[in-house]
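These numbers were taken from a predicted model, which means no experiment stands behind them.
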Amino acid sequence: MLRLLTDEHISPAVAAAARGICAEMEIISLRDWQHGHLLSASDEALLHEARNASLTLVTYDLRTIPVLLRAWAEQDIDHAGVVLVDEKTIGQAEVGALADALCSLWRAQRQHDWHNRVVFLRRRAQLPRVPPV
């Protein structure tokens with residue numbers, strides 16, 4: 001089951017907005033999870049704790065997280081999944097778009113095993129508007 005943890009660089013408003021779109025979705029901000037005690041923790045500590053809680057990390061950190069995941073794969077260290085978000089795809093200030101994309105991912109992938117899984121989040125495809133007849 002897909003359960004999401006947004007990292008400290010993602011506004012807690014994203015988790016709240018995502019729950020507003022998908023009420024049954026489990027998503028929590030790092031600032032709210034465990035009273036925020038992992039704020040400013042190392043990537044390793046954060047991924048270990050997320051794994052222990054079966055939470056998939058959502059992050060914009062495309063610089064250090066992929067390097068760490070590669071090293072962990074080589075060392076057979078497991079994680080509970082990572083959703084990478086590119087600022088060029090969904091900007092950090094786009095709370096609604098990020099919440100919508102996470103909800104779309106959750107609806108499509110919630111039953112899949114997220115053990116050691118890594119995906120890039122895509123903006124939800126918008127249906128073209130049909131002009132009134």
Side-chain angles (χ1 to χ4, degrees):
M1 174 65 91
L2 180 58
R3 299 172 58 231
L4 301 172
L5 172 66
T6 61
D7 76 5
E8 65 188 272
H9 302 290
I10 297 175
S11 169
V14 171
R19 284 190 302 273
I21 299 167
C22 295
E24 64 280 5
M25 180 176 171
E26 288 187 60
I27 182 170
I28 190 163
S29 167
L30 184 61
R31 294 176 192 174
D32 296 329
W33 186 53
Q34 297 182 357
H35 306 288
H37 95 275
L38 287 171
L39 288 171
S40 301
S42 70
D43 293 341
E44 293 88 352
L46 179 56
L47 282 173
H48 275 293
E49 291 295 320
R51 179 194 62 211
N52 292 342
S54 299
L55 290 168
T56 296
L57 182 66
V58 180
T59 183
Y60 278 92
D61 184 350
L62 301 181
R63 188 176 55 82
T64 63
I65 294 290
V67 172
L68 177 59
L69 293 175
R70 209 169 3 265
W72 278 19
E74 292 170 0
Q75 299 169 41
D76 290 325
I77 299 173
D78 296 328
H79 59 85
V82 175
V83 176
L84 297 167
V85 188
D86 190 326
E87 176 76 29
K88 294 175 186 170
T89 303
I90 303 171
Q92 283 184 288
E94 295 181 82
V95 171
L98 181 53
D100 188 52
L102 288 169
C103 185
S104 181
L105 173 72
W106 183 83
R107 284 179 176 150
Q109 302 289 325
R110 67 181 173 224
Q111 297 301 330
H112 290 104
D113 179 13
W114 277 79
H115 177 86
N116 293 331
R117 190 166 178 202
V118 180
V119 300
F120 272 92
L121 187 65
R122 296 182 179 168
R123 186 179 290 269
R124 187 172 69 92
Q126 300 293 321
L127 295 174
R129 290 187 179 199
V130 179
V133 180

Going only through I, L, V, M, F, W and Y residues with side-chain contacts under 4.5 Å, is there a path from [X] to [Y]?
X: Val58; Y: Phe120; result: no
X: Leu5; Y: Leu105; result: no
X: Val14; Y: Leu46; result: no
X: Leu47; Y: Ile77; result: yes
X: Ile90; Y: Leu4; result: yes

From [X] [atom1] over to [Y] [atom2], what is the distance, rounded to the nearest 0.5 angstrom?
X: Gln111; Y: Gln109; atom1: CD; atom2: CD; result: 10.5 Å
X: Ser11; Y: Glu94; atom1: OG; atom2: CD; result: 13.5 Å
X: Asp78; Y: His48; atom1: CG; atom2: NE2; result: 10.0 Å
X: Met1; Y: Asp113; atom1: CE; atom2: CG; result: 12.5 Å

Taking C-beta and beyond as the side chain, do [X] and [Y] meet within less than 4.5 Å on heavy atoms?
X: Arg3; Y: Trp114; answer: no
X: Leu2; Y: His112; answer: no
X: Val85; Y: Thr59; answer: no
X: Glu87; Y: Leu62; answer: no
X: Leu121; Y: Leu98; answer: yes

Donor-acceptor contact present, side-chain [X] to main-chain [Y], <3.5 Å:
X: Arg123; Y: Thr89; value: yes
X: Thr56; Y: Ala80; value: yes
X: Arg19; Y: Ile27; value: yes
X: Glu8; Y: Ser40; value: yes
X: Tyr60; Y: Asp7; value: no

[X] versus [Y], closest heavy-atom pair with distance:
X: Ser29; Y: Ala15; answer: N-CB, 4.0 Å
X: Glu24; Y: Trp106; answer: CG-CH2, 3.1 Å
X: Arg63; Y: Val67; answer: O-CG2, 3.5 Å
X: Trp33; Y: Ala53; answer: CZ2-CB, 3.6 Å

Original post:
Side chains of Thr64 and Asp61: do they bring a donor and an acceptor to under 3.5 Å?
Top reply: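 Looking only at side-chain atoms, Asp61 and Thr64 do form a donor-acceptor pair, the distance falling under 3.5 Å.
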
**OP:** Carefully, step by step, assess Arg107 and Ile21 under the rule side-chain contact (heavy atoms from CB on, under 4.5 Å).
**Re:** CA-CA 11 Å; Arg107 284 179 176 150; Ile21 299 167; 4.2 Å; yes

Subject >> Residues, nucleotides or ligands: over 12 heavy atoms within 6.0 Å of His37 NE2 >> reply: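 Check passes, neighbour count above 12.
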
**OP:** Please identify each residue that fulfils side-chain hydrogen bond (donor to acceptor under 3.5 Å, both in side chains) with His79, with sequence neighbours left out.
**Re:**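 Partners of His79 by the side-chain hydrogen bond (donor to acceptor under 3.5 Å, both in side chains) criterion come out as none, since no residue qualifies.
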
